[in-house]
Protein chains: 2
Amino acid sequence: MLTERQRAILQAVVENYIRSAEPVGSRTIARLTGLNLSPATIRNEMADLEAMGYLEQPHTSAGRIPSYKGYRYYVDHLLTPEAIDRAWVEALERRFYARSVAIEEALRKTAAILAELTHYAVVALGPEVFTARLVKLEFVPLDEARAVTVLVTDTGHVEHKVVELPQGLSAEDLAHLVERINAELKGAAISTLAPKIHRLLAQAMESNREALFRAERFFEALLHPREEARLIVDGTTEIIAQPEFRSVDRVRELLKLFEAEEPLFTVLRQVEDGVQVHIGLEDVLGLGSPLSLVTATLTVGEGQRTTIGIIGPPRMDYAKAIGLLSALSFIFDAWRERGLG
Amino acid sequence: MLTERQRAILQAVVENYIRSAEPVGSRTIARLTGLNLSPATIRNEMADLEAMGYLEQPHTSAGRIPSYKGYRYYVDHLLTPEAIDRAWVEALERRFYARSVAIEEALRKTAAILAELTHYAVVALGPEVFTARLVKLEFVPLDEARAVTVLVTDTGHVEHKVVELPQGLSAEDLAHLVERINAELKGAAISTLAPKIHRLLAQAMESNREALFRAERFFEALLHPREEARLIVDGTTEIIAQPEFRSVDRVRELLKLFEAEEPLFTVLRQVEDGVQVHIGLEDVLGLGSPLSLVTATLTVGEGQRTTIGIIGPPRMDYAKAIGLLSALSFIFDAWRERGLG
DNA sequence: AGTTAGCACTCGTTCCGTCCGAGTGCTAAC
DNA sequence: GTTAGCACTCGGACGGAACGAGTGCTAACT
């Protein structure tokens with residue numbers, strides 16, 4: 001659709017705007033591209049690009065900025081992912097290989113590093129507990145009325161809860177039940193645990209229906225490992241330093257978004273595999289101001305995925321974000337293979 | 001030192017400024033207090049109060065605002081803590097009594113509620129792991145090379161870590177050692193654990209010095225339960241809505257403070273018992289803009305304290321903050337007694 | 001002696017007009 | 001198809017005027 005020249009101009013506009021955060025005019029483009037064209041010619045082309053919807057003009061006497069369509073075209077056809085910084089990869093690898101570390105910890109560190117590197121915000125889904133497998137369920141009485149239950153998964157994740165002991169069931173009874181659960185259900189996916197425990201309880205306690213009922217309530221409570229969003233967020237101060245957040249209202253809106261967790265959580269859950277660029281998230285997130293997101297899905301265990309994303313203004317450095325996230329999923333693949341081997 | 005009238009005027013200025021965030025003038029005071037004095041008289045008194053250092057004038061033709069000294073006098077002599085909202089206390093009590101809950105969880109919820117109620121930020125120290133007592137140490141092998149260790153304390157707190165298995169020591173050996181630790185050290189304070197384990201290991205493995213060395217390294221690693229600041233922060237969006245944070249720079253500064261954790265952590269650690277008001281924290285926190293803090297120390301277990309604080313601009317509603325925190329420590333006392341009984 | 005009315009003065013805020021510069025679209029010439 | 005030239009637009013910075021809230025001081029009042 002676009003001529004070679006138009007593509008060059010579009011690219012120049014996008015990249016310039018990404019760098020400067022200011023609308024870019026024909027003069028700048030004329031100087032910047034190797035096309036050796038006069039500003040007037042560029043102006044004509046830019047008018048065409050605007051008519052086609054790739055560029056926008058904040059007001060008559062300003063330069064052009066890319067529209068979402070323009071960004072999209074840039075991301076899909078013009079951008080070359082930033083070359084991966086070997087030093088960075090090695091630093092990350094050292095961090096992960098050096099010592100064993102639970103996935104959540106790894107994600108947290110990664111998010112912090114990405115935020116520092118990009119100067120954008122980084123969000124990540126906490127590890128999906130449901131698809132992990134049971135390694136051990138622990139039952140630790142604290143006093144007459146309370147106990148701590150601890151659930152350990154094969155990904156090194158630990159889920160714990162203080163629970164009230166059900167009346168009519170002794171701590172010994174419960175410890176016994178937990179023992180049986182461990183013996184029979186080790187290796188089962190957490191998501192399949194509930195019905196299995198159900199069956200097991202029914203089998204073990206068929207004689208005493210009252211106790212069965214109480215035991216079921218007890219295990220049900222502890223097995224609903226908080227569905228609460230486990231959203232990892234970092235780099236808030238970084239993204240706030242971007243010029244688009246010079247207004248306090250926008251900052252407030254962003255912080256609210258991060259605090260609410262839910263909207264971002266659902267977005268991250270629905271992203272497709274691989275590295276994806278989402279331009280203009282404001283409607284899906286219910287925001288008043290535009291936002292972009294570059295996501296990557298990381299495979300962290302057998303059949304377990306998690307998602308990490310870099311959030312910036314639409315004027316974000318997609319090349320860098322894509323480059324970093326590609327490298328990251330590569331590193332995670334290597335880590336996983338080695339970690340499990 | 002101050003006459004009754006001066007005290008009344010000072011109080012009126014402080015309370016007005018707290019409400020309006022605008023310098024308050026003589027006219028307003030004349031209308032507001034029941035003193036039935038003309039603005040001119042008030043002006044004379046205010047000039048005196050300024051000379052004594054209780055009030056300040058942003059510029060000649062503006063009203064007065066309290067100085068730190070003025071706030072201090074207000075807090076120490078003039079303020080009446082806000083009456084406690086029974087509904088609030090009951091809501092909190094229900095939350096804590098209703099179901100057993102780990103202290104960290106309780107603190108988090110409390111912080112959220114306080115933030116919503118006050119429209120300021122709330123910070124709290126995570127529970128002090130060191131003074132808690134060991135209930136159980138668990139050792140859960142994940143695969144040939146890694147294991148998860150889980151430490152449960154009497155406060156319902158759980159500390160866990162993925163660790164690498166030391167070469168030359170089998171998982172059985174380690175499980176055995178952990179068993180002995182549990183048998184002999186249950187009830188010991190976490191802070192005293194290290195030397196005790198040391199002795200126990202030496203005793204158990206005197207025959208094999210190489211293995212002893214490795215085991216020591218292993219336990220040492222897992223016993224340093226992250227000294228990382230465990231700072232709970234909530235209400236960022238609330239405090240940001242305060243008029244003093246209309247400038248993005250101040251917002252950024254505040255967010256940096258919350259992210260750094262360390263400065264606030266040390267401040268919270270050093271506060272004295274009871275409800276304390278700290279006016280003007282900027283120097284101790286290394287900030288460019290003023291900030292106040294109202295803290296309360298909460299007793300959460302035998303000999304275990306934690307600190308919670310409400311952060312606001314110096315123009316914060318001290319009466320409300322003090323009222324809420326007093327009520328809170330009362331609730332915690334009741335909770336603790338009941339939780340342990 | 002304490003209180004108050006009156007008044008000149010200060011200073012931040014808002015409003016408005018001007019100027020400037022960056023950038024555009026259009027036309028006509030190359 | 002490209003470019004020089006030019007009139008035009010519009011936001012931003014600058015500066016002065018008007019305004020208003022508030023002060024300090026003096027002189028009069030109780």
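To find a chain, count down the sequence lines: A is the first, B the second, and so on, and within it residues start at 1. Reckoned from all heavy atoms, side chains included, excluding hydrogens, waters and symmetry mates.
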Should the heavy atoms of other residues, nucleotides or ligands under 6.0 Å from CZ of B:Arg252 be counted, would the total exceed 12?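 Atom CZ in B:Arg252 is crowded, with more than 12 foreign heavy atoms closer than 6.0 Å.
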Does A:Asn36 have more than 12 heavy atoms from other residues, nucleotides or ligands lying within 6.0 Å of its CG?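 12 or below, so no.
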Is any side-chain nitrogen or oxygen of B:Arg64 closer than 4.0 Å to OP1 or OP2 of D:dA21?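 No, no such contact exists.
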Decide if the gap between the ring center of B:Tyr54 and the ring center of B:Tyr73 is smaller than 6.0 angstrom.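 When the ring centroids of B:Tyr54 and B:Tyr73 are compared, they turn out to be within the sub-6.0 Å range.
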I'd like to know whether B:Tyr71 forms a side chain to side chain donor-acceptor pair (under 3.5 Å) with B:Ser292, so could you lay out the CA-CA distance, the side-chain angles of the two residues, the decisive distance to 0.1 Å, and finally the verdict. CA-CA 10 Å; B:Tyr71 283 124; B:Ser292 278; over 6 Å; no
The helix from C:dA1-D:dT30 to C:dC30-D:dG1: angle between its terminal axes, five pairs each, to 10°?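 That helix has its two terminal axes inclined by roughly 20°.
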Taking all atoms of both residues into account, what is the closest heavy-atom pair of A:Leu268 and A:Val271, and its distance?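 Between these two residues, the closest heavy atoms are O-CG2, 3.3 Å.
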For A:Lys256, is there an ion pair with A:Glu259 - N to carboxylate O distance below 4.0 angstrom?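 A:Lys256 and A:Glu259: not salt-bridged.
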Using nucleotides 18-20 of chain D, report all nitrogen or oxygen pairs with the protein that are shorter than 3.5 Å.
none

Residue from B:Glu56, B:Glu50, B:Glu45 passing salt bridge (charged side-chain N to carboxylate O under 4.0 Å, His left out) with B:Arg64: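 Among B:Glu56, B:Glu50, B:Glu45, the one meeting salt bridge (charged side-chain N to carboxylate O under 4.0 Å, His left out) with B:Arg64 is B:Glu50.
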Can you tabulate the close N/O pairs, meaning under 3.5 Å, that link protein atoms to atoms of nucleotides 1-4 of chain D?
residue: D:dT2; atom: OP1; partner: A:Arg5; partner atom: NH1; Å: 2.7
residue: D:dT2; atom: OP2; partner: A:Arg5; partner atom: NH1; Å: 3.4
residue: D:dT2; atom: OP2; partner: A:Arg5; partner atom: NH2; Å: 3.0
residue: D:dT3; atom: OP2; partner: A:Ser38; partner atom: N; Å: 3.2
residue: D:dT3; atom: OP2; partner: A:Thr41; partner atom: OG1; Å: 2.6

Of the options C:dT24, D:dC10, D:dG24, whose atoms approach the side-chain atoms of A:Met46 most closely?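 Shortest atom-to-atom distance from the side chain points to C:dT24.
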